[in-house]
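Only this structure's heavy atoms are used, side chains among them; waters, hydrogens and symmetry mates stay out. Bear in mind that the values here come from a model prediction, so they are computed numbers and not experimental data.
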Protein chains: 2
Amino acid sequence: MSQLDERIGYLVKQVQQAFRRACEEQLRSVGLSMSQYAVLRALADAPGAPAAELARRTFVTRQSLRDVLTGLKEAGLASVAAQPSAGRALPVTLTDSGRLMLDQAERIVMEVESRMLITLPPGDVRQLATLLTTCAENLA
Amino acid sequence: MSQLDERIGYLVKQVQQAFRRACEEQLRSVGLSMSQYAVLRALADAPGAPAAELARRTFVTRQSLRDVLTGLKEAGLASVAAQPSAGRALPVTLTDSGRLMLDQAERIVMEVESRMLITLPPGDVRQLATLLTTCAENLA
DNA sequence: TGAGGAATGTAAGGATCCTGACATGAGGAG
DNA sequence: CTCCTCATGTCAGGATCCTTACATTCCTCA
């Protein structure tokens, strides 16, 4: 039996939870959740993408994304077109308000990420990125 | 701005979600969720621990753990003592049924973990563990 | 002895995420 | 053209997780 300290699945969960926790703590000052941040971020990377595409980019289901999108619409941070652009796809866009919020949130999240990596030399960070990418590919 | 591919926070989330997804998919065959598995696992490592201790070990709050524990009790996999052992702490234990279930689940999760790491030489796995541990410590 | 702190249990409410199911629109195979 | 498949949107229900709040028990310290 492997030691718990070496179980990658366990460690990944631990880091993900700690990172999420730390981010939520800081994001609370601007009234944003980590889930909402993730959607805003995806929205900035893919303006006008349908909700289903945003769901894929944030690793959740369409149904889950709807829950978060509801909150973002109510907060005036995102906007869903009334008419489909192609097929049934309704383009989602960032509002001006959403863009400003994302800028603030981005700074906060980057700070937490920096803190998480503060003791690691750049080479180690690149290596970590490579290893994690490999893990993701192996599970795909 | 960093490329998304190199954002460790993003990659950790991706891997964690993929791992969880893959595990849930396989665990469904024995009727267990990943959250439940995590609690059973913690319970095996700390027999008779109070719920609050299990919560710490699974990185969730006491309140969240209660939700999962309710399901485990209903499924007859865990048992909560009626009388406190010390203070208000109610010892939680695995039932025989729970132990059998954990054995099955453990094999399933180990298989998924192996698949995730299949292309990585042992040295890389150890380094990944080291890097992740460092990240967790930096956020603590 | 009594006040306060720390840990635990519990409850309520809300946010996020899931599966399952169904309807709709686009595009290809026959 | 019609049937089929696929992608998208939507709804319902349930599981998990969170914050906030309060009660209880033990321990420390004045």
Indicate whether OP1 or OP2 belonging to [N] is found under 4.0 Å from a side-chain N or O atom of [X].
X        : N       : value
Arg66(B) : dA11(C) : yes
Ser64(A) : dT16(C) : no
Arg21(A) : dC18(D) : yes
Ser35(A) : dA15(C) : no
Thr61(A) : dT19(C) : no

Quiz item: In whole angstrom, what separates Leu27(A)'s CG from dC18(D)'s P?
Solution: 16 Å
Quiz item: Atom CD of Glu24(B) to atom C1' of dG14(D): distance rounded to whole Å?
Solution: 13 Å
Quiz prompt | Given DNA chain C, 5'-ward residue of the pair Met34(A) and Ala52(B), judged by closest heavy atom | solution =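 It is Ala52(B) whose nearest nucleotide is closer to the 5' end.
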Quiz prompt | Whichever of Gln63(B) and Glu53(B) has its nearest DNA chain C nucleotide further upstream toward 5' | solution = Glu53(B)
Exercise. Classify the side-chain pair Arg20(B)/Ser35(B) by whether it contains a donor and acceptor separated by less than 3.5 Å.
Key: yes
Quiz item: Can Thr130(A) and Thr133(A) be counted as having a side-chain donor-acceptor contact under 3.5 angstrom?
Solution: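 There is no such pair between these side chains.
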Quiz item: Side chain of Pro50(A): nearest nucleotide among dC18(D), dC18(C), dT8(D)?
Solution: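 The nucleotide sitting nearest to the side chain is dT8(D).
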Quiz item: In terms of the nearest nucleotide of DNA chain D, which residue is placed more toward the 5' end: Val92(A) or Asp67(B)?
Solution: Val92(A)
Exercise. Select from Gln36(B) and Arg62(B) the residue whose nearest nucleotide in DNA chain D is closer to the 5' end of that strand.
Key: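 Going by which nucleotide is closer to the 5' end, it is Gln36(B).
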Quiz item: Looking at Tyr10(A) versus Phe19(B), is the centre-to-centre ring distance below 6.0 Å?
Solution: no
Quiz prompt | Test: Glu53(B) and Arg56(B) ion pair at under 4.0 Å | solution =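 So Glu53(B) pairs with Arg56(B) through a salt bridge.
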